[in-house]
Amino acid sequence: MTTPLDNFQQDWKRFEQSHVWHPYAAMPAATPPFAVSSASGVHLKLEDGRELIDGMSSWWAAIHGYNHPALNSAIQSQLKQMSHVMFGGLTHKPAAELAALLVELAPEPLDQVFFADSGSVAVEVAIKMALQYWQAKGATKKQRLLTVRGGYHGDTFGAMAVCDPDTGMHHLFSQALSKHYFAPAPSCLFSAKWDDECIAEFRTLLQANHRQIAAVILEPIVQGAGGMRFYSPEYLRQVRALCDEYGLLLIFDEIATGFGRTGKLFAAEYAHVSPDIMCVGKALTGGYMTLAATLATREISGQISHNGSAFMHGPTFMANPLACAVAIASIKLLLDSPWQSRVAEIESQFQQGLEGCRGLLGVSDVRALGAIGVIEFDEPLDMAWIQPLLVEKGVWLRPFGRLLYAMPPFIIGNQDLKKIITVMAEITQLVSQNHG
Ligand SMILES: *Cc1c(COP(=O)(O)O)cnc(C)c1O
């Protein structure tokens with residue numbers, strides 16, 4: 001006898017496609033998603049039996065790959081204690097232990113930890129901290145932020161308002177967003193010789209408007225979803241100096257760059273500067289669960305809490321114990337691994353392997369930093385054509401806009417990485433041949 005549910009078991013993909021929304025997608029999605037049945041190491045297994053090498057770390061997060069025994073076991077043992085309790089009025093050791101790790105690793109003097117439930121929320125929290133800080137100090141005019149173009153900080157309203165106003169995927173909402181100050185994207189590239197011109201407009205904007213500005217917010221070194229650009233550490237040093245000169249707070253969004261992706265534990269280390277507020281997320285739990293955190297200095301928490309005032313934020317699932325437990329395990333796993341040499345090796349393999357694509361017709365740039373390899377094209381890529389082709393070739397990459405890029409789990413072996421690079425080069429050849 002068959003029941004409607006039996007049909008569903010055979011036909012769930014059809015249901016899914018007409019009922020379940022996907023990120024940045026039409027309904028139904030323009031290109032149907034691929035169904036994954038399991039994932040292990042750096043391999044995703046599709047329902048139809050095909051296996052793909054993962055070049056995405058599930059959006060920068062799965063740095064140790066999938067189904068890792070140490071991470072699985074951290075969740076399993078926490079599950080036996082409790083999966084969740086509210087954080088208002090209650091606390092637990094996993095939250096304290098994770099905070100201790102973050103405080104130890106984060107640049108000094110960041111030692112106050114607020115747990116958030118996603119990267120976007122961590123950015124909202126950072127912005128609210130900056131605003132509340134100045135309110136507590138009586139500087140009520142300081143309601144604006146200063147940032148740079150080409151940035152990406154998340155999809156919620158506060159975060160959207162500091163994403164690139166044109167390429168930040170949110171221009172539909174521009175009328176509804178808070179108005180902030182935007183300097184040009186840092187033009188001085190990561191290993192280029194510093195040119196003071198690179199910071200000139202930023203400096204002018206800051207000098208003219210500092211009375212209205214509460215904080216500067218930036219993704220340090222790597223502008224991720226806003227264009228995968230790598231810029232000079234000197235830019236961060238200059239920004240820090242300007243913030244100090246004018247007494248502004250500096251927020252670093254390390255959600256994409258944190259936990260080793262760029263070759264440093266945090267990208268800010270390239271510049272040897274510390275922010276006043278720092279957001280982490282994505283790789284925090286090794287890609288297992290959604291969790292993020294906003295770290296601040298004691299100066300900030302002290303001002304906000306002056307006269308017993310409270311910081312006005314508190315998600316229902318704040319400091320979820322399962323997520324904290326797996327984050328602790330993921331950070332320990334990272335620190336116990338030779339991640340620096342591994343990430344450096346991935347970088348040099350990207351550099352060598354992608355170099356042949358430079359100069360091809362339609363290719364505007366090829367670059368690599370840490371475990372990030374990027375091919376930038378002149379024109380937007382045709383996803384409807386490229387996505388299935390990538391899967392046919394056995395790799396999981398998710399290009400966007402004019403970018404074909406990879407950021408594989410750090411544990412990827414040389415052979416699997418070589419395959420990803422080969423496929424990137426093959427796709428680039430094809431795009432180049434079709435160019436013009
Ligand atoms: C992904 C990302 C965010 C948003 O994080 P979510 O968990 O998707 O909300 C914010 N900032 C940066 C730099 C990111 O890469």
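Numbering of ligands and ligand atoms starts at 1, following listing order. Heavy atoms only: backbone and side chains are in, while hydrogens, waters and symmetry mates are out. Along the sequence shown, residues carry numbers from 1. Just so it is clear, the model here is predicted, and its values are computed rather than measured.
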Tell me whether the centres of the aromatic rings in Y231 and F190 are closer together than 6.0 Å. no
Locate the shortest heavy-atom distance separating M27 from Q17; write the atom from each residue and the value. CE-O, 3.4 Å
Taking any residue with a non-hydrogen atom under 4.0 angstrom from an atom of ligand 1, which ones do you get? S118, G119, S120, Y152, H153, G154, E219, D253, I255, A256, K282
Is a side-chain N or O of W21 found less than 3.5 angstrom from the main chain of A25, in a donor-acceptor match? yes
Just wondering, do K13 and E47 contact through their side chains at under 4.5 Å, heavy atoms? yes
Using 30° and 60° as the class limits, which term best fits the ring planes of H19 and F15: parallel, tilted or perpendicular? parallel
Applying side chain to side chain donor-acceptor pair (under 3.5 Å) to R237 and not counting sequence neighbours gives E234
